[in-house]
Undergrad: 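Here's a structure for you.
By convention in this document, chain letters (A, B, ...) are assigned in the order of the sequence lines, proteins followed by strands, and residues within each chain are numbered from 1.
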Amino acid sequence: KNEVEQSPQNLTAQEGEFITINCSYSVGISALHWLQQHPGGGIVSLFMLSSGKKKHGRLIATINIQEKHSSLHITASHPRDSAVYICAVSRNYGGSQGNLIFGKGTKLSVKP
Amino acid sequence: DGGITQSPKYLFRKEGQNVTLSCEQNLNHDAMYWYRQDPGQGLRLIYYSQIVNDFQKGDIAEGYSVSREKKESFPLTVTSAQKNPTAFYLCASSMDHYNEQFFGPGTRLTVL
């Protein structure tokens, strides 16, 4: 079983829809990251959070430490939001402390 | 403009040849990383460096080597010992090992 699991793997939405991408993890963490990867391959960091909720524009990220679960929400989705969204966690134990463990990503396609 | 540059964007090499991928950052970050991305898999850590003249192996270091002689530069050499080198390689940097990471545009390596 992967230490970081994302769902769904693929998601197609109509422009304007509210979108939720989920991330569950099974290890102790110091922080959780949400990243966005565009078709060209470049990756942009969206959020780094260790508790509660963060908002940036139409993007909202939440984390529940007790349940080891995080969600990324996109409000009023737009075709330019089409990308792969990646969840990653920073280990908080052992010799690999601070290293990131990545999920496989959720491919989002927003249709006009 | 501050950022991370990787060169070249596309690289072709023959089996048995070593090849070096470049990564430069002007963000004054102490920590730098090399990741490998394969289709259908999450990013995996090859090597990382928390400070100049020091680096550590990641999860898949076999067949790779790095150096960190300057703060701005963290080149990755893919040696002929790497059995399956065809992949997308991403470099990243962060203020320190526990902070948000910033990614370069990536180098797509194909072994012919």
Side-chain angles (χ1 to χ4, degrees), chain A residues 1-10 21 23-50 54 56 59 61 63 70 83-107, chain B residues 1-11 21 23 25 27 29-51 54-61 87-110:
Chain A
K1 187 179 186 295
N2 294 327
E3 293 167 303
V4 179
E5 296 274 5
Q6 288 185 236
S7 63
Q9 283 186 309
N10 293 283
I21 299 170
C23 176
S24 296
Y25 54 92
S26 57
V27 297
I29 72 167
S30 55
L32 183 141
H33 305 250
W34 281 104
L35 310 167
Q36 180 190 55
Q37 185 171 32
H38 279 282
I43 291 178
V44 174
S45 176
L46 299 175
F47 295 104
M48 175 179 169
L49 64 165
S50 53
K54 286 191 176 181
H56 185 252
L59 301 178
I63 187 169
S70 174
V84 175
Y85 292 84
I86 300 170
C87 173
V89 300
S90 302
R91 292 186 179 112
N92 70 349
Y93 60 92
S96 301
Q97 188 173 359
N99 289 4
L100 295 184
I101 310 170
F102 294 82
K104 294 182 179 181
T106 294
K107 185 174 182 180
Chain B
D1 286 334
I4 303 176
T5 56
Q6 290 185 242
S7 62
K9 189 172 177 66
Y10 298 95
L11 188 55
L21 281 58
C23 177
Q25 55 98 1
L27 300 167
H29 285 170
D30 283 319
M32 296 187 74
Y33 311 84
W34 275 105
Y35 295 100
R36 170 182 173 139
Q37 187 176 39
D38 295 282
Q41 295 195 36
L43 276 73
R44 292 181 290 170
L45 180 64
I46 304 172
Y47 268 98
Y48 65 104
S49 167
Q50 298 190 53
I51 200 163
D54 189 39
F55 51 83
Q56 289 79 38
K57 292 182 179 180
D59 299 317
I60 54 164
F88 187 55
Y89 291 87
L90 285 150
C91 178
S93 72
S94 59
M95 283 176 53
D96 60 48
H97 192 45
Y98 304 95
N99 255 294
E100 179 185 22
Q101 292 185 19
F102 294 82
F103 288 80
T107 292
R108 194 165 299 278
L109 173 65
T110 302

Undergrad: At a heavy-atom separation under 4.5 Å, does A:Ile101 approach chain B through its side chain, its backbone, both, or neither?
TA: neither

Undergrad: Among the options B:Gly106, B:Gly40, B:Gly58, pick out the one with the most heavy-atom pairs lying under 4.5 Å from chain A.
TA: B:Gly40

Undergrad: Which pair of non-hydrogen atoms, one from B:Phe88 and one from A:Gln37, has the smallest distance, and what is that distance?
TA: CE2-NE2, 3.9 Å

Undergrad: Given heavy-atom pairs under 4.5 angstrom as the criterion, report whether the side chain, backbone, both or neither of B:Leu45 touches chain A.
TA: side chain

Undergrad: Taking the side chain as every heavy atom from C-beta outward, state whether A:Leu100 and B:Tyr33 have any atom pair closer than 4.5 Å.
TA: no

Undergrad: Roughly how far apart are A:Ser30 OG and B:His97 NE2, rounded to 0.5 Å?
TA: 9.0 Å

Undergrad: Checking B:Tyr98 against chain A: side chain, backbone, both or neither under 4.5 Å from a heavy atom?
TA: both

Undergrad: Between B:Gln56 and chain A, which part of the residue has a heavy atom less than 4.5 Å away: side chain, backbone, both or neither?
TA: neither

Undergrad: Using heavy-atom distances under 4.5 Å, tell me whether B:Asp59 contacts chain A through its side chain, its backbone, both, or neither.
TA: side chain

Undergrad: If you look at every heavy atom in B:Asn99 and A:His33, which pair is closest and at what distance?
TA: O-CE1, 4.3 Å

Undergrad: Using a 4.5 Å heavy-atom cutoff, which residues in residues 38-45 of chain A come close to chain B?
TA: A:Gly40, A:Gly41, A:Gly42, A:Ile43, A:Ser45

Undergrad: Considering all heavy atoms of both residues, which atom of A:Met48 and which atom of B:Glu100 are nearest to each other, and what is their separation?
TA: SD-N, 3.3 Å

